[in-house]
A.B. asks: 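First, the structure itself, so that you have it in front of you.
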There are 2 protein chains.
Amino acid sequence: MHRSRADGLATIQDVADRAGVSRAAVSKVIRNAYGVSPGMRERASAAIDELGYRPRTYARALRGSSFTIGVEMPTLSNPFLSMIVEGATSELEGTRYRLIAAPAAPGGVEGEREIEALVDRQVDGLMAISPVVSKSWLEGQARHTPIVMVGRHDQTSAYDTVTGDDIVGATLVMDHLLTLGHRRIAHLTLREEATAPSVASPHGKRLLTYVRSMADAGLEEHIRVSRLGPGDDDAYEHAMELVRSEHPPTAIFVGSDVFALDVLRALDDAGLSSTEVSVVGYDGISLTAHPRISLTTVEQDGRMLGAHAARLLLERIGGRTEPAHVKLEPRLVIRGSTSKPLRT
Amino acid sequence: MHRSRADGLATIQDVADRAGVSRAAVSKVIRNAYGVSPGMRERASAAIDELGYRPRTYARALRGSSFTIGVEMPTLSNPFLSMIVEGATSELEGTRYRLIAAPAAPGGVEGEREIEALVDRQVDGLMAISPVVSKSWLEGQARHTPIVMVGRHDQTSAYDTVTGDDIVGATLVMDHLLTLGHRRIAHLTLREEATAPSVASPHGKRLLTYVRSMADAGLEEHIRVSRLGPGDDDAYEHAMELVRSEHPPTAIFVGSDVFALDVLRALDDAGLSSTEVSVVGYDGISLTAHPRISLTTVEQDGRMLGAHAARLLLERIGGRTEPAHVKLEPRLVIRGSTSKPLRT
DNA sequence: CAGCATTGTACAACTCGCGGT
DNA sequence: CACCGCGAGTTGTACAATGCT
């Protein structure tokens, strides 16, 4: 005899007892599987409603899928990453799949721990936005879980990638600044591990393009790369340092919008207007369009990136085995934060 | 005979075979349970490392806990909510628990679907930040899963709450504006369902306090409540409408910072400076401190809210049954967006 | 004996109490 | 007594087997 649980959560057995049918029959009803009479469906459905029964995904996952897509992200407080996740969530709307996000702990950086936690939770697909996890480790994970890496340009057949074209984007920035007449252009980017060539990270590509553009323009001597540490207010500090140095740059190409906001704040505090120091960001978060900010930036369609990523995962889950690499074209949006340099 | 799996994911049985011990023994080793000899621990650990074994949480959850805390949130793109989640993530650091976030699909509003999805995934604790889910429904869920509601002032013993004191906060705002000499003060808040008295939502409390303060100051005739719809650019539109009306307000108390940013944008576009229309936000997202924005706001410690919420959940999981209701004091931060009205 | 609907039962991966050496 | 393993239990799936017209 089956005893109903104390905590009020009905099991499939409770439903079966109530409807006077077998567990298997109820299982078929909830899965819309073949071989159920209208009468049986009727009785089972009634019992399900009465008991408020919901199948547990973890028990389900034991035999098959969890219908869960996991997203590993380094932080929740970058609006651009939020847009990517929103795009993915929208794409999954209407499917049986649900998205869960596992943000890295503030201060922590790696992302491996979060990915492992998601794998432990048996996600059917994994979306990774971490710039630092090693490619070979990811390839290992991809042996058992479909993975799509967002942002990084990894050359691999083990998992899919969705990226913006960072070379095109950064070239747009540099051409814009050079055309305006800037020569002392600095670049603000992430810490070393996040731009290493081994991980083909977006920031690494932007940095590389910056260096190349400067060299091509004969401005090697003016190359100046400032790297962020783990601190919260780091971009602010670095910008201050730059503009207060002996030969301050007339323009700063910042690796991402969130840091560019801090740079603008530093310039304001230093009493410098955008005609004195131009600033360009990257990503195109909505705030850049705010009249008070008006930041020239490279706009990437974050929602589209996320939607593509989700679609690729569903395809992989559906059986695709050939790798897919999607690359989206960014566009430069010129706003008030850039202008001709006063002095060269 | 046990056959190793094709996908490369080792099970506890694989480990047991490899180490030449029983499944139960391996289980004890990974749980640090009582009754394992050093030799056994040694051999089991070695086998675990060699196979790269990781216990699956879903199989574990079948018997006990999933060591997962679920967070339901209406959107990822409100930085204040991100701070709450970050605070919770930090608090869980060092415990066996992991946090996963389930954002509602953009456009969708309810939050019930997300909570159900998390319950289906057998979270050990649930943090809800949705203003609209009904209290009684939540109480039902709380019968089987510990819940902490963040933001809402629900009077219930079924689950815990962590809130800012919205009455104090909104009173600070109104006193500030009234002291400056404002009389035509408008309030911008959420749609009707999100401020209904039945759900003791933060925005409802702020609205209520606004109305009460206006009445207390003898300004009933100037009460003007503008409600947001589901549209993206709604706050902007509403602000435009307000300032272009026949008797425009001299101050706008906006229910949250993210919308206040849109209001500022509208004022800029309408050519109105902050001396002409004062604006106050709520929450204290970091951007309000940016010199370009300089928004007067009520600052709540989002990280602290999240940390408290996580701690309360761990306590409930640990066995506490008496309800806990934490209320944090907010503080008013006066910045450039508010000033004396030019004309009254 | 088709041709259905329905049930029995073997899993899946792990935990844990109890009994055995 | 300290250590170790058996086996039942956890929920749902899927396939084989049964029952019924």
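Note that the coordinates shown come from a computational prediction; the quantities given were computed from them, not determined experimentally. Excluded from the calculations below are hydrogen atoms, water molecules and symmetry mates; all remaining heavy atoms, backbone and side chain alike, are included. Throughout, protein chains are lettered first and strands after them, A, B, ... in sequence-line order, and every chain is numbered starting at 1.
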A.B. asks: Give a yes-or-no answer on whether the side chains of A/Thr161 and A/Thr163 include a donor-acceptor pair shorter than 3.5 Å.
C.D. replies: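 Note: A/Thr161 and A/Thr163 side chains miss the donor-acceptor criterion.
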A.B. asks: Please report the distance, rounded to the nearest Å, between CD in B/Gln13 and P in D/dG5.
C.D. replies: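 These atoms are roughly 12 Å apart.
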A.B. asks: To the nearest angstrom, how far is A/Glu42 atom CD from C/dA5 atom P?
C.D. replies: 16 Å
A.B. asks: Rounded to whole angstroms, how far apart are CZ on B/Phe67 and C1' on C/dC14?
C.D. replies: 12 Å
A.B. asks: Donor-acceptor pairs are to be reported for all side-chain atoms of residues 26-36 of chain B against protein atoms at under 3.5 Å, with residues two or more places apart or in another chain.
C.D. replies:
residue	atom	partner	partner atom	Å
B/Ser27	OG	B/Arg31	NE	3.0
B/Ser27	OG	B/Arg31	NH2	3.0
B/Arg31	NE	B/Ser27	O	3.3

A.B. asks: Can you see whether B/Tyr58 engages A/Asp120 through a side-chain donor-acceptor pair at a distance of less than 3.5 angstrom?
C.D. replies: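 No - no donor-acceptor pair under 3.5 Å links their side chains.
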A.B. asks: Between the side chains of A/Arg311 and A/Glu315, is the shortest nitrogen-to-carboxylate-oxygen separation below 4.0 Å, so that they form an ion pair?
C.D. replies: yes
A.B. asks: Which nucleotide in the list D/dC3, C/dC14, D/dC6 gets nearest to the side chain of B/Pro38?
C.D. replies: D/dC3
A.B. asks: Mark up nucleotides 13-21 of chain D, 5' to 3', with B wherever a protein heavy atom is under 4.0 angstrom from a base atom, S wherever such an atom reaches only the sugar-phosphate, and - elsewhere.
C.D. replies: BB-------
A.B. asks: What is the distance from CZ of B/Arg121 to P of D/dG12, rounded to the nearest Å?
C.D. replies: 14 Å
A.B. asks: Any side-chain heavy-atom pair from A/Leu99 and B/Pro103 closer than 4.5 angstrom?
C.D. replies: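 In contact.
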A.B. asks: Distance check needed: C/dT15 C1' versus B/Arg56 CZ, whole Å only.
C.D. replies: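 It works out to 15 Å between those atoms.
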A.B. asks: Between B/Arg113 and A/Glu93, is there a salt bridge with N-O shorter than 4.0 Å?
C.D. replies: yes
A.B. asks: Calculate the interatomic distance between A/Leu62 atom CG and D/dG9 atom P; express it in whole Å.
C.D. replies: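 Whole-Å distance recorded here is 17 Å.
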